[in-house]
A.B. asks: 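Here you go, one structure.
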Amino acid sequence: AMEEHFAGKNAIYKSHNNICIVPHPESPERISRIWAALVEAGVVERKGVNRVENGRLLTKEEAMLVHDEELWDKLMSSQEMDEDERDTLAKTFDSIYLNRASFKCALLAAG
C-alpha cells in the first residue's frame with residue numbers, strides 16, 4: 001500500500017536551486033501519472049520503444065563515487081524507520097520526500 005504524506009496548504013519548500021515552490025509538486029503518485037500520460041499518448045506502443053520489466057539497482061560502490069557513506073547509511077536506514085522518523089530525516093535535507101520505498105526507488109532510478 002502506498003503511504004500518503006500531505007504538506008499543509010501554506011507549506012513552502014525550496015528546490016535545489018533555491019526556487020520557492022508552493023505547494024511542493026513531489027508526490028509518489030507523480031510517477032503513476034507520468035506513466036499513464038505516456039500510455040494515453042501512445043508512446044509506449046511506438047516502434048523502437050522497449051519496456052524494461054526489471055532494471056538494476058545502483059551499487060553502493062557506484063553511489064560512493066558521488067556521495068559519502070554517511071548519506072548512504074542514513075537513506076538505507078530510512079527503509080526501516082516509521083513515518084515520523086522519516087519525516088524528521090527528510091527535514092535535514094533540502095526539499096526531499098521520503099517513504100519506506102524511497103531509497104530502493106532511488107537505487108533503481110540511478111541503476
Side-chain angles (χ1 to χ4, degrees):
M2 187 178 301
E3 294 180 57
E4 294 183 357
H5 297 265
F6 298 97
K9 291 181 181 178
N10 297 322
I12 297 176
Y13 297 87
K14 283 192 175 180
S15 69
H16 300 291
N17 53 5
N18 279 333
I19 295 172
C20 289
I21 303 169
V22 183
H24 195 268
E26 198 65 58
S27 72
E29 295 81 16
R30 180 177 67 94
I31 301 300
S32 299
R33 281 187 243 134
I34 291 169
W35 179 254
L38 292 170
V39 170
E40 186 176 323
V43 172
V44 298
E45 300 301 324
R46 290 182 187 164
K47 184 177 179 177
V49 174
N50 297 312
R51 181 175 179 186
V52 178
E53 293 296 328
N54 293 306
R56 77 169 182 88
L57 300 179
L58 183 76
T59 66
K60 183 176 180 180
E61 180 182 34
E62 292 167 329
M64 294 300 101
L65 295 172
V66 293
H67 297 291
D68 61 36
E69 193 154 358
E70 181 181 358
L71 177 63
W72 175 272
D73 292 342
K74 284 180 183 179
L75 294 176
M76 179 75 111
S77 69
S78 72
Q79 299 174 101
E80 303 304 321
M81 293 177 178
D82 64 33
E83 183 179 333
D84 290 336
E85 292 171 318
R86 277 192 309 277
D87 288 346
T88 298
L89 176 61
K91 289 176 185 174
T92 67
F93 298 108
D94 183 24
S95 186
I96 188 172
Y97 170 85
L98 290 174
N99 66 30
R100 191 173 317 280
S102 293
F103 186 60
K104 186 170 183 179
C105 289
L107 295 178
L108 183 59

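Positions are given from 1, in the same order as the sequence printed here.
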A.B. asks: To the nearest 0.5 Å, what is the distance between CG (Leu38) and CZ (Arg46)?
C.D. replies: 9.0 Å
A.B. asks: Who are the side-chain contact (heavy atoms from CB on, under 4.5 Å) partners of Asp82, not counting sequence neighbours?
C.D. replies: Asp84, Glu85
A.B. asks: With rounding to the nearest 0.5 Å, note down the distance linking CE in Met76 to NZ in Lys74.
C.D. replies: 15.5 Å
A.B. asks: Under the side-chain contact (heavy atoms from CB on, under 4.5 Å) rule, collect the residues that match up with Ala36, sequence neighbours excluded.
C.D. replies: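 Counting only residues at least two positions away or on another chain, Ala36 forms no side-chain contact (heavy atoms from CB on, under 4.5 Å).
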A.B. asks: Would you give the length of the straight line joining atom CE of Met81 to atom CG of Asp87, rounded to the nearest 0.5 angstrom?
C.D. replies: 10.5 Å
A.B. asks: Is there a side-chain contact (heavy atoms from CB on, under 4.5 Å) between Leu108 and Leu58 once you walk through the steps?
C.D. replies: CA-CA 6 Å; Leu108 183 59; Leu58 183 76; over 6 Å; no
A.B. asks: Under 4.5 Å between any side-chain heavy atoms of Val43 and Trp35, yes or no?
C.D. replies: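 In short, these two side chains do not touch, never coming nearer than 4.5 Å.
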A.B. asks: Taking all atoms of both residues into account, what is the closest heavy-atom pair of Thr92 and Leu89, and its distance?
C.D. replies: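 It is OG1-O, 2.6 Å.
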A.B. asks: Under the side chain to side chain donor-acceptor pair (under 3.5 Å) rule, collect the residues that match up with Ser78, sequence neighbours excluded.
C.D. replies: none
A.B. asks: Would you tabulate the side-chain donor-acceptor contacts of residues 61-69 under 3.5 Å, counting partners in other chains and residues two or more places apart, or write 'none'?
C.D. replies:
| residue | atom | partner | partner atom | Å |
| --- | --- | --- | --- | --- |
| Glu62 | OE1 | Arg56 | NH1 | 3.1 |
| Glu62 | OE1 | Thr59 | N | 2.9 |
| Glu62 | OE1 | Thr59 | OG1 | 3.2 |
| Glu62 | OE2 | Arg56 | NH2 | 2.8 |
| Asp68 | OD1 | Glu70 | N | 3.2 |
| Asp68 | OD1 | Leu71 | N | 2.8 |
| Glu69 | OE2 | Lys60 | NZ | 2.7 |

A.B. asks: With rounding to the nearest 0.5 angstrom, report the CZ to CZ distance, Phe103 to Arg86.
C.D. replies: 14.0 Å
